[in-house]
Amino acid sequence: GDSVTQMEGPVTLSEEAFLTINCTYTATGYPSLFWYVQYPGEGLQLLLKATKADDKGSNKGFEATYRKETTSFHLEKGSVQVSDSAVYFCALPRGFQKLVFGTGTRLLVSP
Amino acid sequence: EAQVTQNPRYLITVTGKKLTVTCSQNMNHEYMSWYRQDPGLGLRQIYYSMNVEVTDKGDVPEGYKVSRKEKRNFPLILESPSPNQTSLYFCASSSLLGVATDTQYFGPGTRLTVL
C-alpha cells in the first residue's frame, strides 16, 4: 500500500547549517506530497506541498522537489535557525482526504 | 482566527473510566478526523467524518467512538480506556470544496495517559 519513509532523527545542526531531511514514498500514480511541521507543544502545520511531478514546493526558506524518478520529496533549507527546531513529517494522501504520514524527523538547531 | 481547538490538552485517567476529548473548528469545514501519534509510528487515522451524521473508521478505530451532530464539533469518545490508548491525539479538519481541499488544519493535540 501507499507509504512514506523518512530518515531517522534526530538531526542536530548548528545555526546557519544546510538541512536535508530525506523522504521517499510508495504510491499508485502521482499523488500530491506534503511536508508538515510540528513545533514544540503545537499541532501540525502545513509547511509546503507539491501537487505533481517535478513541482517544487517552498515556504519559509524550505524547499522540496517532487521527483518521480527517485520517488523522493526531500526537504531542504540553506541556512537553518534555532526557531526551525521542530518535528517534520512527510505525507501523502491515500483515499479520500486521509493522509499517510512518515514517522517524523526531529530537527534540533543549536546557536 | 481560523483554528481547530481541542480540550483538554492534557488528561491523566485510569483504565475503564469513560472520557471524551472535544474538537471544534471555526472554518465551516465538512471533513474532520482524529489521529493518534505514537513514537516510531507517526500519525495514524482513527476515525473521520465527511459531514454531519457521516462518520467512518480509519486505520485504528478499535476502542474509540465518534459522533458528528454539528458541523463544527467532532468529539472522540473512549468508553473504556486502556493503557495502550496512551498517546497524543490530534483532531484535523479540511474543506471538501474549493481549491484547497488537500490542506488539513490540525488542533494543538491532547496528551492522554491511561494508568
Side-chain angles (χ1 to χ4, degrees), chain A residues 1-10 21-27 29-52 55 57-59 64 66 73 75 86-106, chain B residues 1-7 9-10 21 23-25 27 29-51 54-61 74 88-111:
Chain A
D2 295 355
S3 64
V4 173
T5 302
Q6 285 182 240
M7 61 187 291
E8 294 257 349
I21 299 178
N22 291 337
C23 170
T24 57
Y25 67 89
T26 302
Y30 303 107
S32 296
L33 297 172
F34 304 89
W35 276 101
Y36 278 81
V37 58
Q38 182 180 24
Y39 297 105
E42 298 183 14
L44 280 74
Q45 304 173 23
L46 179 64
L47 179 60
L48 56 83
K49 67 181 184 183
T51 57
K52 60 183 187 294
D55 257 6
S58 61
N59 186 26
Y66 189 154
F73 192 54
L75 183 68
V87 181
Y88 293 82
F89 291 90
C90 188
L92 60 81
R94 184 178 73 192
F96 186 73
Q97 296 291 86
K98 185 166 72 174
L99 289 172
V100 174
F101 289 90
T103 54
T105 303
R106 183 176 299 277
Chain B
E1 179 190 355
Q3 59 181 351
V4 178
T5 57
Q6 295 179 226
N7 283 292
R9 293 288 312 276
Y10 302 91
V21 183
C23 172
S24 183
Q25 51 92 6
M27 295 168 278
H29 285 166
E30 295 78 20
Y31 185 87
M32 297 184 74
S33 64
W34 278 101
Y35 292 85
R36 60 178 289 175
Q37 182 183 9
D38 301 291
L41 296 176
L43 280 81
R44 295 174 293 167
Q45 192 182 56
I46 303 170
Y47 267 96
Y48 66 94
S49 169
M50 290 172 54
N51 215 324
V54 180
T55 63
D56 207 347
K57 298 176 181 178
D59 294 320
V60 288
F74 190 45
L88 181 57
Y89 292 87
F90 289 100
C91 181
S93 73
S94 63
S95 175
L96 297 181
L97 305 172
V99 298
T101 58
D102 58 359
T103 300
Q104 297 209 18
Y105 297 83
F106 285 80
T110 295
R111 184 166 293 283

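Note that these values count all heavy atoms, side chains included, but never hydrogens, waters or copies made by symmetry. All chains are named by letter (A, B, ...) in the order of the sequence lines, taking the proteins before the strands, and each is independently numbered beginning at 1.
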Review point. So, for A:E42 and B:F90, which heavy atoms are closest and what is the spacing to 0.1 Å?
Key: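 It is O-CE2, 4.0 Å.
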Any [X] side-chain heavy atom under 4.5 Å of [Y] side chain:
X: A:K49; Y: B:T103; result: yes
X: A:Q38; Y: B:L88; result: yes
X: B:Y35; Y: A:L99; result: yes

Exercise for review: Taking atom CD of A:E8 as the centre, report whether more than 12 heavy atoms of other residues, nucleotides or ligands fall under 6.0 Å from it.
Suggested key: no
**Study point:** Within 6.0 angstrom of A:R106 CZ, more than 12 heavy atoms from elsewhere
**Key:**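 No.
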Region of [X] in contact with chain A, defined by heavy-atom distances below 4.5 Å:
X: B:R9; result: side chain
X: B:Q37; result: side chain
X: B:L43; result: both

